[in-house]
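The structure under discussion appears below in the form of structure tokens.
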Number of protein chains: 2
Amino acid sequence: MVNDSVLNESVPAGRFEYAGLDRLLHERARLGILASLAAQGRGLAFADLKRLCGLTDGNLSRHLAALQAAGVVAITKDFHRNRPRTTCCITASGRARFAAYLNQLEQVVADASAMVRSQKHAVRRAPLPHGAV
Amino acid sequence: MVNDSVLNESVPAGRFEYAGLDRLLHERARLGILASLAAQGRGLAFADLKRLCGLTDGNLSRHLAALQAAGVVAITKDFHRNRPRTTCCITASGRARFAAYLNQLEQVVADASAMVRSQKHAVRRAPLPHGAV
């Protein structure tokens, strides 16, 4: 089953574990939240972040709570024009962690794309069956 | 709060929703499973896939069930040397869907990386405080 393949028994265990890919950040909504905040040195209001990421109040709150608990984002509450305001920032360590995650993700995409291409080439290189034009 | 930023009110709603990113495939373990299978035209035995992806029986089974339900992988069961054997393959449409996902993911990584860099540059370009050497 594995003899005709680029993956044989010499391929080490965990070759496709992609363990370097930070699980906390590897979530579509969190990617959007962190990209928004990374571009925003002074933070974003909760309402703006919600609008940019196309999230509901509940979803954004849940993701922010997880990211805050890990020290990736910081959340401050104050009053602006007599109304309560929540501001979200990426922390310095959160920014570094996000940049490292993006580097890892870039490598994973390159690796997975190479796997897709390797098999396409293998199919293309296969001999034509008898009688094929 | 938003005046000093690359993100102002002219940025459209959902700018960072990354809606094109296929949620079924955007999971670390599934990325590994599909990269393994994409390189393997004739499929992989369950035990080999488990070894390559560093997953438990239960985790791999759950992910495969979700991918099979969506038509991304096909699973066949037969006997090999009198023992039951489970073989997993990526389907043709699953391969196309995975390739499309990887293309999207590459664009998202480039976009998010640009956000991280944009703020770094903004910080670098900021004037030095009075008295700074």
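Everything numeric in this text was worked out from a predicted model, so none of it was measured. Below, each value reflects all heavy atoms present in this structure, side chains not excepted, and no hydrogens, waters or symmetry copies. Below, chain A is the first sequence line, B the second, and so on; all start at residue 1.
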Pairs touching residues 54-75 of chain A that satisfy salt bridge (charged side-chain N to carboxylate O under 4.0 Å, His left out), sequence neighbours left out: A:Lys50-A:Asp57
Nearest-0.5 Å distance, CG of residue B:Leu102 to CE of residue A:Met115: 11.5 Å
Non-hydrogen side-chain atoms of A:Ile33 and B:Phe16 separated by less than 4.5 Å: no
Distance-minimising heavy-atom pair for B:Ala38 and A:Val116: CB-CG2, 3.8 Å
Heavy-atom closest contact (A:Glu106 atom, B:Val109 atom, distance): CB-CG1, 4.2 Å
Chain B neighbours within residues 19-31 of chain A, where any heavy atom lies under 4.5 Å away: A:Ala19, A:Leu21, A:Arg23, A:His26, A:Glu27, A:Arg28, A:Leu31
Leading residue by heavy atom contact count with chain B [cutoff under 4.5 Å; candidates A:Ala110, A:Gly14, A:Ala114, A:Ser113]: A:Gly14
Exam field: side chain A:Arg15 to backbone B:Ser36, donor-acceptor pair closer than 3.5 Å: no
